[in-house]
**Q** 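First the structure, which I've put down as structure tokens, then a few questions once you've had a look.
Residue numbers run from 1 in the order of the sequence given.
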Amino acid sequence: MLGPVILAASRSDRMRRLVSAAPVTRPVVDRFIPGESVDQIVPIVQDLTDQGLELTMDVVGEDITTPEQAAAARDAYLELVGRLAELELGTRAEMSVKLSMFGQALAGGHELALANVRPVVEAAAAIGTTVTLDAEDHTTLDSMFAIHEELRKDFPETGCVIQAYLFRTEADARRLAANGSRVRLVKGAYKEPAEVAYQQKPEIDKAYVRVLRTLMEGDGYPMVGSHDPRLISIAQELARRAGRKVDEYEFQMLYGIRSDEHLRLAAEGHRMRVYTAYGTDWYGYFMRRLAEKPANLLFFARSVLTRN
């Protein structure tokens with residue numbers, strides 16, 4: 001399976017240099033990451049919202065090694081909030097943040113990440129939107145959930161992400177569904193050992209459905225993060241059985257993948273949110289998109305062959 005190999009490459013400085021230097025890379029990256037700055041991303045935000053879609057915005061970058069870099073990441077999100085406010089799009093676009101980018105892996109990282117993310121959550125709330133804490137590898141999750149719980153004391157709309165392939169996730173989902181959280185469910189995009197995560201797609205898909213049923217039957221707000229047509233249909237059926245209206249859950253998909261499906265779901269009256277990333281430190285995000293789905297890797301390979 002190529003997925004684990006690509007995920008390993010996402011942590012390799014040598015592969016980062018090779019991929020970044022390849023002439024074909026930039027046009028392919030643009031499929032998933034349509035800009036490097038706020039100015040470049042604003043037209044994308046306006047176009048998507050004009051089409052009836054909502055967004056969750058991610059400033060890419062995870063390899064933080066100093067507190068100064070973590071503060072710069074905070075400031076990048078605050079700049080984004082300011083631009084959304086100017087465009088009066090606060091109610092249409094939320095933000096997704098990785099706590100590693102806010103210093104979680106540094107010395108005293110839990111407290112540092114909380115201190116850096118809180119101003120972003122406060123600023124988001126002030127313009128009528130919110131923040132979702134992205135899930136990263138399993139070693140970071142206890143800290144992420146603790147920060148999520150702390151932020152929800154003052155900002156109850158703060159969301160979090162759970163990953164179906166982890167064994168712990170069914171218990172996490174029951175806890176989060178019971179306390180009314182906003183929860184995005186994804187399959188998972190990190191290389192995790194067999195001791196903590198399912199390794200085969202059929203097992204992951206079954207776990208996804210079990211967790212999704214828990215979320216739909218609970219008191220929270222489920223966010224269905226999947227491009228899989230079968231799982232999307234199952235989500236609609238689980239929502240119907242749970243008595244949920246179309247505005248009591250939402251679908252989320254990545255920018256650049258199944259764009260026609262984004263519009264179809266929105267046209268049917270569903271809340272459809274497009275996960276839209278931007279920034280200069282795109283390598284880790286890009287490699288995980290390739291690893292998640294063979295079609296993404298084939299797209300990249302075809303582009304390479306065409307250019308050559």
**Q** So, using salt bridge (charged side-chain N to carboxylate O under 4.0 Å, His left out) as the criterion, who are the partners of Glu268 when residues are at least two apart?
**A**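 Arg264.
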**Q** Whether the side chain of Arg74 engages the backbone of Asn116 through a donor-acceptor N/O pair (distance < 3.5 Å, no angle test) should be reported.
**A**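 Flag not set: sc Arg74 to bb Asn116 has no pair under 3.5 Å.
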**Q** Can you find a pair of side-chain heavy atoms, one from Thr276 and one from Leu48, that are under 4.5 Å apart?
**A**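 When only atoms from C-beta onward are counted, Leu48 and Thr276 do touch, with a gap below 4.5 Å.
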**Q** Between Gln199 (side chain only) and Glu192 (backbone N and O only), is there a donor and an acceptor less than 3.5 Å apart?
**A**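 Checked: pair present.
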**Q** So does Glu36 get a backbone contact from the side chain of Gln40, meaning a donor-acceptor N/O pair under 3.5 Å?
**A**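 The answer is yes, because a donor-acceptor pair under 3.5 Å joins these two groups.
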**Q** Just by modelled atom types, is the Ala124 backbone N or O under 3.5 Å from a matching donor or acceptor in the Tyr77 side chain?
**A**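 Judged by distance alone, no pair lies under 3.5 Å.
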**Q** Answer yes when Arg240 and Glu237 have at least one side-chain N-carboxylate O distance shorter than 4.0 Å, and no when they do not.
**A**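 Salt bridge: yes.
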**Q** In sequence, state the C-alpha distance, the side-chain angles, and the governing distance for Glu203 and Lys206, and then conclude on salt bridge (charged side-chain N to carboxylate O under 4.0 Å, His left out).
**A** CA-CA 5 Å; Glu203 295 177 318; Lys206 290 176 183 177; over 6 Å; no
**Q** When you measure from the centre of the six-membered ring of Tyr275, is the NZ or CZ of Arg184 closer than 6.0 Å and no more than 45° off the axis?
**A**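 No, a cation-pi geometry is absent between Arg184 and Tyr275.
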**Q** Between Glu248 and Lys245, does at least one N-O distance fall below 4.0 Å, as a salt bridge requires?
**A**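 No, this pair does not count.
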**Q** Does Ala266 have any side chain to side chain contact (heavy atoms under 4.5 Å, CB included) partners at least two apart in sequence or in another chain, and if so, which?
**A**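 If we apply the side chain to side chain contact (heavy atoms under 4.5 Å, CB included) test to Ala266, skipping adjacent residues, the hits are Leu53, Met272.
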**Q** Among the clusters formed by ILVMFWY side chains lying less than 4.5 Å apart, do Tyr278 and Val81 turn up in the same one?
**A**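 Result: yes, single cluster for both.
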**Q** Could you tell me which non-hydrogen atom of Ser226 sits nearest to which non-hydrogen atom of Met253, and how far apart they are?
**A**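 Here Ser226 and Met253 meet closest at O-CG, 3.5 Å.
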**Q** Would you please indicate if the ring centroids of Phe167 and Tyr165 are separated by under 6.0 Å?
**A**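 For Phe167 and Tyr165, the ring centres are not under 6.0 Å apart.
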**Q** Sub-3.5 Å donor-acceptor pair from the side chain of Arg182 to the main-chain atoms of Glu157, do we have one?
**A**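 The answer is yes, because a donor-acceptor pair under 3.5 Å joins these two groups.
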**Q** Does the His110 side chain pair with the main chain of Ala146, one donor and one acceptor, at a distance under 3.5 Å?
**A**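 Not at all, since once roles are kept as given, no pair shorter than 3.5 Å links the two residues.
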**Q** For Ala76 and Val59, work out which heavy atoms get closest and say how close.
**A**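 Looking at all heavy atoms of both residues, the closest pair is CB-CG1, 4.2 Å.
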**Q** Do Lys191 and Asp137 sit within salt-bridge range, that is, some charged N less than 4.0 Å from a carboxylate O?
**A**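 Between Asp137 and Lys191 there is no salt bridge, as every charged N stays at least 4.0 Å from the carboxylate O atoms.
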**Q** Before you tell me yes or no, could you show the steps for Arg168 and Asp142 under salt bridge (charged side-chain N to carboxylate O under 4.0 Å, His left out), namely the whole-Å CA-CA distance, both residues' side-chain angles and the distance that decides it to 0.1 Å?
**A** CA-CA 11 Å; Arg168 65 173 289 170; Asp142 286 341; 3.0 Å; yes
**Q** Output yes when Lys98 and Glu136 qualify as a salt bridge under the 4.0 Å nitrogen-oxygen rule, no when they do not.
**A**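 Salt bridge flag = no for Glu136 with Lys98.
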**Q** Any carboxylate oxygen within less than 4.0 angstrom of a Lys/Arg side-chain nitrogen, looking at Arg210 and Asp205?
**A**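 Asp205 and Arg210: not salt-bridged.
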**Q** I'd like to know whether CD of Glu149 has more than 12 heavy-atom contacts from other residues, nucleotides or ligands below 6.0 angstrom.
**A**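 Check fails, neighbour count at 12 or below.
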**Q** Quick check: does any side chain N or O of Ser143 sit under 3.5 Å from a backbone N or O of Thr140, one acting as donor and the other as acceptor?
**A**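 The answer is no, because no donor-acceptor pair under 3.5 Å joins these two groups.
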